[in-house]
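First listed ligand is number 1; within each ligand, the first listed atom is number 1. All values below come from the heavy atoms of this structure, side chains included, with hydrogens, waters and symmetry mates left out. We count residues from 1, following the sequence as given.
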Amino acid sequence: MSTVLAIESSCDETAVAVIKRNEGKVSLLTSLVSSQIEIHRQFGGVVPEVACRNHSQRIAPLIEQALEEAQIELDEIDAFVGTQGPGLASSLLVGFSYAKALAVANGKPFYGINHMEGHLLSPFLSQGFIPPHLALIVSGGHTMLIDVQGYQKYTLFGRTLDDAAGEAFDKVGRMLSLPYPGGPEIEKRAHQGNPSSFKFPRALLKDSSLNFSFSGLKTSVLYEVQRNQNWRDQLDDLCASFQTAVIDCLVGKTVKALSETNHQRISLSGGVACNKALQSALLEQSRRLGCVLEVAPPALTTDNAGMIAFAGLLAFENRSGDPLCKGIDPNWALGE
Ligand code: KG4
Ligand code: ZN
């Protein structure tokens, strides 16, 4: 039996989770997220110094609450893990240092976890192991297609050359005067809109690479808003047309990547994976191609420590990583 406590603080969510594997079966004993979205909403995006201060205030009580909910004592934890990167340096430092200190104080091992690996592994938490597959990770900071041959056997196939998919949702949300974060707001609006109303570009869709680009699409929405004085009357149609353009690019490149592998399985993770229209478009293509689609469960989609705990459990079981001597790594790339 192994029990791991994880801390995630790479951006604006302070999160703590405790995970256990007993006779092969993985259980998430608790996964708490203390969100700062309401605080950052007034600034229209995340303010690093404000995020860091809030992490520092929230971390200790959240750990206490997590231990209580998991009904576990600190000395029953076998390893402590913290998100090492990528993310905001000042935010990462809080959770990473706290997890390290807990490990040292309790004489247990420490592992630094890649936040994107946490997202990548999140659809497989309940299965407890990582099958070979093609992973599409779509978050606020990253958009990646990764060939996964197994645990820690990752090859980057494609990534965004400019804005991440979630970042495009957030920036377009701001242009359309919608609250932060833009993704869920745009999805709600898009539901009532006509996706063919505006002809927005699908950058790189026809090119041979597996990369993405969303900044031209974002600029097209900006031009429409500047040109069309009545855009507020067509807000739902604008959202639907923008969202469909993003989805066409994500799904188109995933299908292309799949044709370059023998994979029969696709995974979808990261905050944008919450988007139901993206899920159903990818499910339709997966069925057409005879593939299984594994979508991260909602609680493990936007930032959380459950996914970091699962990655930490696998790191501990595989004794993978170089425990205490490393610091945070805000630009840690996955699979390159
Ligand atoms: O994975 P995540 O919590 O943070 C990062 O690691 O970046 O992703 C947050 C992103 C935000 O950009 C947010 O707008 C987007 O996920 N998001 C969505 C939806 N829910 C969250 N995007 C589109 N549709 C949604 N329903
Ligand atoms: Zn994330």
In the protein, which heavy atom is nearest to [atom], and how far is it?
atom: atom 2 (P) of ligand 1; result: D303 OD1, 3.4 Å
atom: atom 12 (O) of ligand 1; result: D170 OD2, 2.7 Å
atom: atom 22 (N) of ligand 1; result: G183 CA, 3.4 Å
atom: atom 26 (N) of ligand 1; result: E187 OE1, 2.7 Å
atom: atom 17 (N) of ligand 1; result: G271 O, 3.6 Å
atom: atom 15 (C) of ligand 1; result: V272 CG2, 3.9 Å
atom: atom 9 (C) of ligand 1; result: G140 N, 3.8 Å
atom: atom 24 (N) of ligand 1; result: N275 ND2, 3.0 Å

Heteroatom test (N, O or S) for C11 near the Zn ion (ligand 2), limit 2.8 Å: no

Contact flag H142/the Zn ion (ligand 2), N/O/S atoms, threshold under 2.8 Å: no

Give the atom numbers and elements of ligand 1 that come within less than 4.0 Å of a heavy atom of [X].
X: H119; value: 1 (O), 6 (O)
X: H115; value: 6 (O)
X: G166; value: 12 (O)
X: G141; value: 7 (O)
X: P181; value: 14 (O)
X: T302; value: 3 (O)

At the 4.0 Å heavy-atom cut-off, does [X] count as touching ligand 1?
X: K276; answer: no
X: Q243; answer: no
X: P184; answer: yes

Which atoms form the tightest heavy-atom contact between [X] and [Y], and what is the distance?
X: L314; Y: G128; result: CD2-O, 4.2 Å
X: H263; Y: L258; result: O-CD1, 3.9 Å
X: C11; Y: S91; result: O-OG, 3.0 Å
X: N114; Y: P86; result: OD1-CD, 3.7 Å

Using a 4.0 Å heavy-atom cut-off, which part of H142 comes near ligand 1: side chain, backbone, both, or neither? neither

Backbone N/O of Y180 and side chain of R41: donor-acceptor pair under 3.5 Å: yes

Just distances here: any N/O of C274 and N/O of ligand 1 closer than 3.5 Å? no

Should [X] and [Y] count as an ion pair when the cut-off is N to O under 4.0 Å?
X: E187; Y: K276; answer: no
X: E284; Y: R288; answer: no
X: D207; Y: K253; answer: yes
X: E260; Y: K256; answer: yes

Provide the atom name of the closest N, O or S atom of D303 relative to the Zn ion (ligand 2). OD1

Is it true that T83 and E8 share a donor-acceptor pair across their side chains at a distance under 3.5 Å? yes

If you measure only the distance, is there a donor-acceptor pair under 3.5 Å linking the side chains of Q234 and E224? no

Rounded to the nearest 0.5 angstrom, the CG-CG distance for L334 and L120 is 6.5 Å

State the CD-OG1 distance between Q149 and T261, to the nearest 0.5 angstrom. 8.5 Å

